[in-house]
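In what follows, a structure is listed as structure tokens, so that the remarks can point back to it.
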Amino acid sequence: MPDTSSSPHLFADVLARVHAACRALAAEANWPEGIDFGRVVVEPPRDASHGDMATNAAMVLAKEAKAKPRDLAEQIAEKLRADALIAKVDVAGPGFINLTLKPAAWAEALRTVLREGTDYGRVRGGSKVNVEYVSANPTGPMHVGHCRGAVFGDALASLLQFGGHDVTREYYINDAGAQVDVLARSAFLRYREALGEDIGAIPEGFYPGDYLKPVGQALAKEYGEKLRAMSEAEWLPTVRAKAIAMMMDEIRDDLAALNIRHDVFFSERSLIETGNNKVAETIDFLKAKGDIYEGRLPPPKGAPVEDWEDREQLLFKATAYGDDVDRPLIKSDNSYTYFASDIAYHKNKFDRGFAEMIDVWGADHGGYIKRMQAAVKATTSGKGELDVKIVQLVKLLRNGEPVKMGKRAGNFVTLRDVVDEVGQDAVRFMMLYRKNDAVLDFDLAKVIEQSRDNPVFYVQYGHARGHSIFRNARAEVFPDLPDDTDKRIAWLSESALERLSDPVELDLLKRLAIYPRMLEAAAAAHEPHRIAFYLYDLASEFHALWTKGRDLPYLRFIINNDAVLTKARLAMVQGVVSVLASGLAILGVHAPDEMR
RNA sequence: GCGCUCGUAGCUCAGCUGGAUAGAGCAUCGGAUUUCGAUUCCGAGGGUCGGAGGUUCGAAUCCUUCCGAGCGCGCCA
């Protein structure tokens with residue numbers, strides 16, 4: 001259980017009070033033992049006129065308490081009326097209990113924001129989680145297609161970290177299959193080219209991209225003519241290792257352009273090292289459990305396979321764990337299938353202490369989920385849990401028109417091209433401003449527009465506007481308002497927050513109070529996009545309040561002849577600024593002090 | 001043929017793991033704005049939540065079944 005006591009927030013607090021009321025009632029009315037309060041929630045009602053919060057306690061508990069929901073609601077409501085934090089309790093509809101809090105509760109919520117600063121909403125003491133993302137093949141630079149999974153995985157990792165988990169960010173390097181041999185042969189061509197040989201057009205079946213030229217040059221510089229004299233079997237391991245190392249450097253650079261850094265780069269090849277063959281070990285392990293057998297598979301349906309050969313082969317009993325068909329582990333050439341090493345890899349994660357694993361994959365790998373989850377179940381005896389997050393395709397547009405593929409680096413737009421054109425912040429925010437499993441349109445022209453159309457700008461501008469207000473306040477009212485964030489917060493925490501009483505101000509405070517609850521839900525669901533939407537809403541509410549000050553001068557943040565009120569409002573602005581900065585930090589997007 | 005994902009306003013999408021009268025942004029229409037520093041703000045119209053059944057106090061959400069779209073479908077990673 002995560003320890004939430006270090007970060008009390010209003011919704012958790014009220015939920016605890018509702019629980020207490022129910023428990024008291026349970027004792028009085030002799031409810032059966034062991035009633036589960038887990039389904040009781042406290043949430044903001046859809047319609048604000050119902051109050052500040054609503055709970056479904058009576059409806060959820062009615063059956064077990066053997067009471068009618070309405071009656072039970074009345075009894076719980078009666079208990080809650082005695083609560084010092086709660087101003088009004090109503091029972092409505094089928095048995096909702098609507099709560100209206102005393103205004104002081106919202107001031108207190110703001111005080112919590114200021115006190116906790118960048119830790120507001122943070123939870124401590126959670127479990128170990130492994131998030132594996134990107135894992136692009138080391139056969140070339142990253143292209144736009146990789147971008148979304150990279151950003152998503154990174155933000156999810158940050159979100160879980162903020163939610164108290166001990167997170168490891170991991171990259172699985174597919175450096176063992178046939179593809180990296182093709183890479184090696186392609187690099188060898190470039191090596192011969194670097195030695196002055198005319199290699200002509202790159203033949204079919206090789207990687208044609210210019211990005212392998214530096215590899216060839218590096219090989220020429222390091223080995224001179226030596227490799228050329230060798231047979232392929234002799235030079236291949238050397239060339240392959242060099243090419244993979246250089247590709248991984250390039251990929252790391254690409255990721256750094258998005259401010260993404262992994263903790264662990266795990267090599268697939270390391271799993272099948274002679275003398276320490278984890279794949280063989282894993283297969284033996286599953287054999288001992290009876291999850292592996294020699295058998296035949298029916299030919300695949302759908303698209304016909306020309307060279308289908310019916311043969312006896314080593315199969316993993318995936319169907320015993322929810323998959324549709326058993327899966328082969330060894331190819332006809334006696335090497336392991338990708339799946340076989342992937343089983344060993346995930347078992348290895350579990351053995352390293354990760355009972356919770358998250359993999360981020362592209363949409364084209366959707367068909368692979370069941371078998372991988374089956375494998376995790378089998379290798380961990382059900383103790384390990386794998387959640388696979390699929391990120392859908394990104395459609396790259398410019399002013400609504402699909403972007404033609406460039407030919408600079410092969411036949412794709414590189415991740416670097418996109419980051420260079422629109423910037424890291426726009427890429428990161430927009431990749432997260434959509435549910436991960438929905439197709440995303442990414443318009444290169446729109447994301448750098450400075451308007452409300454562009455949520456990146458809109459949210460960042462909210463943060464900048466807050467700072468603009470501080471600058472003005474310093475010039476007009478409080479020359480000693482500190483510039484340093486921590487000092488400013490300390491300075492503002494002495495404000496008369498009870499002066500914040502206008503309904504629109506209270507709405508803003510309520511929005512701030514929800515932040516920890518939103519984070520909790522987003523972390524539990526593995527859905528970082530909720531943060532992006534929350535931030536947009538918060539910024540929107542803040543901008544609206546700012547504009548209101550034009551028509552209604554008494555709502556301006558800076559009131560020249562009322563320093564006390566001004567200070568309270570600056571405290572509120574600070575609350576907004578803090579939360580915007582916090583949320584943007586989790587998404588990995590900068591929170592600028594001014595827009596340029 | 002099978003599996004996975006998705007289907008919500010004219011368009012692009014949210015909808016807090018089952019809650020009350022389904023929400024934003026574009027676009028359309030109507031207003032406000034010589035600004036604490038913008039590129040804003042307020043309001044209106046617009047919906048059979050793909051269709052049909054079911055589960056229960058209650059369904060966009062869960063189940064079944066159709067329809068439609070995308071992805072995938074032995075030894076490719």
Side-chain angles (χ1 to χ4, degrees), chain A residues 39 41 43-47 50 54 56 59-60 62-63 68-70 92-96 98 135 137 139 174 176-180 268 297-303 305 307-311 313 323-325 327-342 362-370 390 392-393 433-435 437-441 449-455 457-458 461 464-465 468-469 471-473 475-477 514 517-518 520-522 524-525 527 529-530 533-534 536-537 540 543-551 553 556-560 566 594-595:
Chain A
R39 288 179 59 213
V41 296
E43 55 189 357
R46 193 157 296 175
D47 188 338
H50 289 138
N56 60 354
M59 292 178 289
V60 172
K63 198 168 274 176
K68 286 183 183 160
R70 286 288 305 210
F96 284 101
N98 291 324
S135 300
N137 291 334
T139 53
N174 300 137
Q179 289 181 37
V180 283
E268 178 185 2
L297 282 177
K301 307 276 194 306
V305 180
D307 57 345
W308 168 258
E309 147 200 15
D310 186 22
R311 69 177 177 101
Q313 54 186 338
D323 199 3
D324 311 311
V325 55
R327 305 291 177 177
L329 298 173
I330 296 185
K331 305 185 211 169
S332 52
D333 70 357
N334 257 337
S335 63
Y336 297 116
T337 60
Y338 179 79
F339 181 52
S341 47
D342 221 359
D364 52 341
H365 288 59
Y368 198 76
I369 298 177
K370 274 192 187 175
I390 290 293
Q392 263 293 352
L393 220 68
Y433 196 62
R434 195 110 312 180
K435 244 181 333 202
D437 50 15
V439 182
L440 181 146
D441 291 347
E449 226 169 70
Q450 299 206 335
S451 74
R452 182 163 191 163
D453 277 23
N454 178 5
F457 164 78
Y458 195 68
Y461 182 49
R465 176 168 265 172
S468 153
I469 292 165
R471 286 191 288 274
N472 281 300
E476 294 173 33
V477 188
I514 290 180
R517 193 186 122 83
M518 180 279 302
E520 224 172 79
E527 292 184 346
H529 77 273
R530 294 192 198 183
F533 281 94
Y534 169 86
Y536 184 85
D537 288 343
S540 171
H543 287 308
L545 182 53
W546 188 90
T547 318
K548 256 201 169 104
R550 276 199 305 214
D551 300 336
R556 294 188 177 196
F557 297 114
I558 298 171
I559 306 289
N560 282 309
T566 301
E594 51 189 328
M595 303 304 282

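So you know, we letter chains A, B, ... as the sequences are listed, proteins then strands, and number each from 1.
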Please measure how far the C1' atom in B:A60 lies from the corresponding atom in B:C49, and state the result in whole Å. 5 Å

Sugar-phosphate only, base, or nothing, as touched by A:A525 at under 4.0 Å among non-hydrogen atoms: base

Please classify the nucleic acid contact of A:R530 as base, sugar-phosphate, or nothing, using heavy-atom distances under 4.0 Å. sugar-phosphate

With the six-membered base ring of B:A20 as reference, does the ring of A:H50 sit under 5.5 Å away with planes under 30° apart? yes

Can you tell me if A:K548 touches the phosphate of B:C42, counting only side-chain N or O atoms and a distance under 4.0 Å to OP1 or OP2? no

If we call it a pair only when both distances are under 3.5 Å in a Watson-Crick or G-U wobble match, what pairs with B:G23? B:C13

State, with a plain yes or no, whether a side-chain heavy atom of A:L329 is found less than 4.5 Å away from one of A:F339. yes

Is A:F96 stacked on the base of B:A20, with ring centres under 5.5 Å apart and planes under 30° apart? yes

Report which part of the nucleic acid A:G93 touches: base, sugar-phosphate, or nothing (heavy-atom distance under 4.0 Å, all strands). nothing

Of all the nucleotides listed (B:A77, B:C41, B:A20), which has the minimum atom distance to the side chain of A:T547? B:C41

Which nucleotide, if any, forms a Watson-Crick or G-U wobble pair with B:U28, using both distances under 3.5 Å? B:A44

Applying a 4.0 Å non-hydrogen cut-off, can you work out what A:R311 is touching in the nucleic acid: base, sugar-phosphate, or nothing? base

Within the structure shown, what part of the strands sits under 4.0 Å from A:H529 by heavy-atom distance: base, sugar-phosphate, or nothing? sugar-phosphate

Could you please name the option among B:C36, B:G37, B:G15 that lies closest to any side-chain atom of A:Y461? B:G37

Under a 3.5 Å cut-off for both distances, is B:U55 Watson-Crick or wobble paired, and to whom? none

According to the Watson-Crick and G-U wobble definitions, with both distances under 3.5 Å, which nucleotide is paired to B:G72? B:C2

Taking CD1 from A:I369 and P from B:A77, how many angstroms apart are they, rounded to a whole number? 19 Å

Rounded to whole angstrom, note down the C1' distance from B:C13 over to B:A52. 27 Å

Counting the atoms with a prime plus P, OP1 and OP2 as sugar-phosphate, which does A:I469 contact under 4.0 Å by heavy atoms, base, sugar-phosphate, or nothing? nothing

Taking the C1' atom of each, how far is B:G15 from B:G54, in whole Å? 24 Å

State which of B:U5, B:C36, B:C4 makes the closest approach to the side chain of A:F557. B:C36

Whichever of A:T337 and A:G549 has the more 5' nearest nucleotide on RNA chain B, that residue is A:G549

In whole angstroms, how far is the C1' atom of B:C6 from the CZ atom of A:R434? 14 Å

Closest to the A:P45 side chain, choosing from B:G19, B:C71, B:A20: B:A20

For the P atoms, the ones on B:U61 and on B:U55, what distance do you get once it is rounded to whole angstrom? 15 Å

Answer yes or no: is there a side-chain heavy-atom contact under 4.5 Å between A:R471 and A:E594? yes

Distance between the C1' atoms of B:A14 and B:U56, in whole angstroms? 27 Å

By the 4.0 Å heavy-atom rule, please label A:K68 as base, sugar-phosphate, or nothing. nothing

Rounded distance (Å) that lies between atom P of B:U39 and atom OH of A:Y458: 13 Å

Are the side chains of A:F557 and A:T566 in contact, using a 4.5 Å heavy-atom criterion? no

Taking only the C1' atom of each, what is the distance from B:G18 to B:C2 in whole angstrom? 31 Å

Separation of B:A77 P from A:E268 CD (nearest whole Å): 8 Å

Out of B:U39, B:G37, B:A14, whichever nucleotide has its closest atom nearest the side chain of A:R471: B:G37

Report the nucleotide, chosen from B:U12, B:C36, B:C42, that has the shortest atom-to-atom distance to any side-chain atom of A:D441. B:U12

Categorize A:V41 for me: base, sugar-phosphate, or nothing, with a 4.0 angstrom heavy-atom threshold over every strand shown. nothing

Nearest-nucleotide pick for A:N472, side chain only, options being B:A77, B:C36, B:A24: B:C36

Mate of B:U39 where both pairing distances stay under 3.5 Å, Watson-Crick or G-U: none

Protein-nucleotide distance (A:N98, atom CG; B:A20, atom C1'), rounded to Å: 9 Å

Atom P, compared across B:U65 and B:C4: separation rounded to whole Å: 11 Å

A:V41 side chain near A:N56 side chain, heavy-atom distance below 4.5 Å: yes

Hey, does A:P69 reach any base, or is it just sugar-phosphate, or nothing, if we go heavy atoms under 4.0 Å? nothing

How would you label the contact of A:M518 with the nucleic acid (heavy atoms, under 4.0 Å): base, sugar-phosphate, or nothing? nothing

Looking only at the side chains, is there a donor atom on one of A:Q179 and A:T139 sitting less than 3.5 Å from an acceptor on the other? no

Among B:A14, B:G3, B:C6, the one nearest A:D324 by side-chain distance: B:G3

Categorize A:Y336 for me: base, sugar-phosphate, or nothing, with a 4.0 angstrom heavy-atom threshold over every strand shown. nothing

Looking at A:H543 and A:R465, would you say the former's side chain and the latter's main chain have a donor-acceptor pair under 3.5 Å? no

Look at all strands and tell whether A:A475 reaches a base, only sugar-phosphate, or nothing, counting heavy atoms closer than 4.0 Å. nothing

In whole angstroms, how far is the P atom of B:A60 from the NZ atom of A:K435? 15 Å

By nearest heavy atom, map A:R465 and A:Y338 onto RNA chain B; which one lands nearer the 5' end? A:R465

Pick the C1' atom in B:G45 and in B:C29, then give their distance to the nearest Å. 8 Å

For atom OH of A:Y534 and atom P of B:G15, their distance in whole Å: 16 Å

Winner on side-chain proximity to A:D437, out of B:A77, B:G74, B:U5, is B:U5

Just call it for A:Q313: base, sugar-phosphate, or nothing, with non-hydrogen atoms closer than 4.0 Å on any strand. nothing

Output the single nucleotide from B:G25, B:A20, B:A14 whose closest atom is nearest the side chain of A:A92. B:A20

